[in-house]
S.K.: 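I have a structure I would like to understand better, so I am pasting it below and will then ask my questions one at a time.
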Amino acid sequence: MKSRTRVTSSLRQASAALTRAAGSSPAAPLCQNAATTLPAPATGMRPLITSAATSRPAAAQAQRRHLHDQAPRRSGAPSNPAMSFPCVDALESRSATLRQQAAASASQSRTDSTSSGPEPSYTVGATQIFHSTSPLLLDHGGQLVEFDIAYETWGEMNADRSNVILLHTGLSASSHAHSTAANPQPGWWEKFIGPGLALDTSKYFVICTNVLGGCYGSTGPSSIDPSDGKRYATRFPLLTITDMVRAQFRLLDHLGVDKLHASVGSSMGGMQSLAAAVAFPERVGRIVSISACARSHPYSIAMRYVQRKAILNDPNWNRGYYYGQIPPHVGMKLAREIATITYRSGPEWEQRFGRRRADKDKPPALCPDFLVETYLDHAGEKFCLTYDPNSLIYVSKAMDLFDLGRENQVAIKTKRAEREKALREGGKEGQGYDQDACSLTLPDTPYEEQPEEHHEEFERDGLGFGGGNPAGGGGSSYSGPGQKPPADLVAGLAVLWDHPVLVMGVASDILFPAWQQREIAEALKMAGNRNVAHYELSEEQSLFGHDTFLLDVKNVGGMVRNFLG
Ligand SMILES: CC(=O)SCCNC(=O)CCNC(=O)[C@H](O)C(C)(C)COP(=O)(O)OP(=O)(O)OC[C@H]1O[C@@H](n2cnc3c(N)ncnc32)[C@H](O)[C@@H]1OP(=O)(O)O
């Protein structure tokens, strides 16, 4: 385990800049107390409390005056100095810079229509773009009349196009999994892709896409709606993981790839990997799903909910219409800090940071102070202007909605069939959201706890999810040996009864805990699959938590390589 210490340099710079601007010493307070006082008119006189006090009844005022008379006379200086908040100053300073950039680009856009405002263009360098001109109907209503998918490839496609691996990304990654001639920057799986490596490019042709809803070249909320030439913002329709997969398979159609050798992914990519095989079972050969799940569980939904809330509550979010203005960088930074807490593990931070403070010779501070705090601050700082906040909202919501249980699949399939029929018949109801899609308001009576229903034994039911040799399963939640995955999930995964599947989990992962990968493996086995390989890395093997899939080349990479052959 590496031991690293570093205080966020941006904070230091911002603090120093503000100190210089204020012409004060670093110890001088930068912020004023919030209490509203009038200046003392003459030496020895107390400052007067403003309007709130003067409107009080006379008796209360008299009592207050009496108490004041008992109190020691105030000299005009506070009893303690006000604290400084360089972390808040840094955010304000960035807002000011972004405001200036917005104003400059607004004046420039009067002469140049391509000018886009202060937010970055989120590019990752050269990618290939597949443009689909046929509409994509989305699971929860809405459609994209056309869309782009950005992608990159490594290796050579063979003559019969049978050596293709589709690599799916995590939530916020781009298609840049590995360096390319066009973009030599190392990719997010640089050490996993190449000749002889986990995704062996001497054998396989690897494709990685930016997901639909993302901001690295594929169509997402920051893209232009071709219908009116304006950014989608929150007019972008809600997405599901399967919608993302459908868009990827349009790309495969375009490339003439009928069947993937393998669908590979970690985290959200591991959800996509399973979803691809469930949606297109004949077009997927092998499945690799690492640190993922078959249905999001309440704790991870909760963790993503508060990240989205941090963005929604940033006044600059402006209900998603911030393009050309100041992006919600404050909410975005907080969202990334929360996310980072879920991506790593407490035991790792115990080893790396312990209880050490960034500077033990300074008094404790309310801004980042402990090394773990400066670490989180740095993670938020690096990310807050490099990914579109609206994309984070949409893609993370898609993760929450993920559920490969049969009931959810049937519900979505039925709704899609109705909309497709309406579209064929030229009806408007097939095109957009249901009228009440956004009407979830606070109820008259509070929502109450609703325990999961217990499902009946799994049986094939002719709904198109069978095809295996499923065994029964009861109960509604899986937590380990001796328990069974819910029958609904077994039924939902039954279509994969014959696919070779590698499922990997990590004991130190708190976001996609190891029981969720056990659940996938057990559900597949109960659906009759005898080709399931399941591995769980112990805490001795990795303390990197959820991020293990990005860091552990030996264990994660080694198992993927062995499985793919
Ligand atoms: C949910 C899904 O679908 S996918 C989610 C997947 N996870 C993510 O997206 C998180 C992505 N993780 C990262 O980006 C990580 O940086 C990785 C995995 C690429 C690399 O991990 P590591 O090598 O362990 O780097 P680590 O996370 O410790 O960060 C190192 C940085 O923190 C800095 N740092 C380390 N300790 C401190 C500290 N106490 N205070 C301030 N900064 C610190 C380092 O200087 C370094 O800075 P730099 O990146 O600017 O050079």
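Read the numbers this way: they start at 1 and go in the same order the structure lists the ligands and their atoms.
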S.K.: Check each heavy atom of Thr374 against ligand 1 and say whether those closer than 4.0 Å belong to the side chain, the backbone, both or neither.
M.R.: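 Answer for Thr374: both.
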S.K.: Between Leu551 and ligand 1, which part of the residue brings a heavy atom under 4.0 Å of the ligand: side chain, backbone, both or neither?
M.R.: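 Side chain only.
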S.K.: What I want to check is whether the side chains of Thr548 and Ser542 have a donor and an acceptor closer together than 3.5 Å.
M.R.: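 Result is yes, a qualifying pair exists.
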S.K.: Going by the closest heavy atom to atom 9 (O) of ligand 1, which one wins out of His378, His546, Arg336?
M.R.: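 Answer by nearest heavy atom: Arg336.
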S.K.: Are any of the N/O atoms in Phe544 less than 3.5 Å from those in ligand 1?
M.R.: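 For ligand 1, there is no N or O atom that lies under 3.5 Å from one belonging to Phe544.
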S.K.: Determine whether Trp317 and Thr234 make a side-chain contact, defined as any pair of heavy atoms from C-beta on separated by less than 4.5 Å.
M.R.: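 Yes. Closest side-chain heavy atoms under 4.5 Å.
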S.K.: From the options Arg344, Glu348, Met268, Met303, select the one whose nearest heavy atom is closest to atom 22 (P) of ligand 1.
M.R.: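 Residue with the shortest heavy-atom distance to the ligand atom: Arg344.
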S.K.: Which atoms of ligand 1 are found less than 4.0 Å from any heavy atom of Leu171?
M.R.: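 Answer for ligand 1: 2 (C), 3 (O), 4 (S).
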S.K.: Before you tell me yes or no, could you show the steps for Asp377 and Thr374 under side-chain hydrogen bond (donor to acceptor under 3.5 Å, both in side chains), namely the whole-Å CA-CA distance, both residues' side-chain angles and the distance that decides it to 0.1 Å?
M.R.: CA-CA 5 Å; Asp377 188 85; Thr374 60; over 6 Å; no
S.K.: Is the gap between the ring centers of Tyr387 and Tyr216 under 6.0 Å?
M.R.: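 Yes.
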S.K.: Between the side chains of Ser291 and Ser267, is a donor N or O closer than 3.5 angstrom to an acceptor N or O?
M.R.: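 Per modelled atom types, Ser291 and Ser267 side chains form no pair under 3.5 Å.
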S.K.: Heavy atom of Arg352 under 4.0 Å from ligand 1?
M.R.: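 Within the 4.0 Å threshold, so yes.
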S.K.: Which option wins on minimum heavy-atom distance to atom 2 (C) of ligand 1: Gly545, Ser267, Gly170, Gly265?
M.R.: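 Shortest heavy-atom distance from atom 2 (C) of ligand 1: Ser267.
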S.K.: So is Phe549 polar-close to ligand 1, meaning N/O to N/O under 3.5 Å?
M.R.: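 No, there is no polar N/O contact under 3.5 Å.
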S.K.: Start with the C-alpha gap between Glu152 and His176, add the side-chain angles, then the distance that decides, and say whether side-chain hydrogen bond (donor to acceptor under 3.5 Å, both in side chains) holds.
M.R.: CA-CA 7 Å; Glu152 290 171 67; His176 197 58; 2.7 Å; yes
S.K.: Pairs of nitrogen or oxygen atoms closer than 3.5 Å, one from Tyr343 and one from ligand 1: do any exist?
M.R.: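 No, since none of the N or O atoms of Tyr343 sits under 3.5 Å from an N or O of ligand 1.
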S.K.: Going by atom types alone, do Tyr323 and Asp388 pair a side-chain donor with an acceptor below 3.5 Å?
M.R.: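 A donor-acceptor contact under 3.5 Å links the two side chains.
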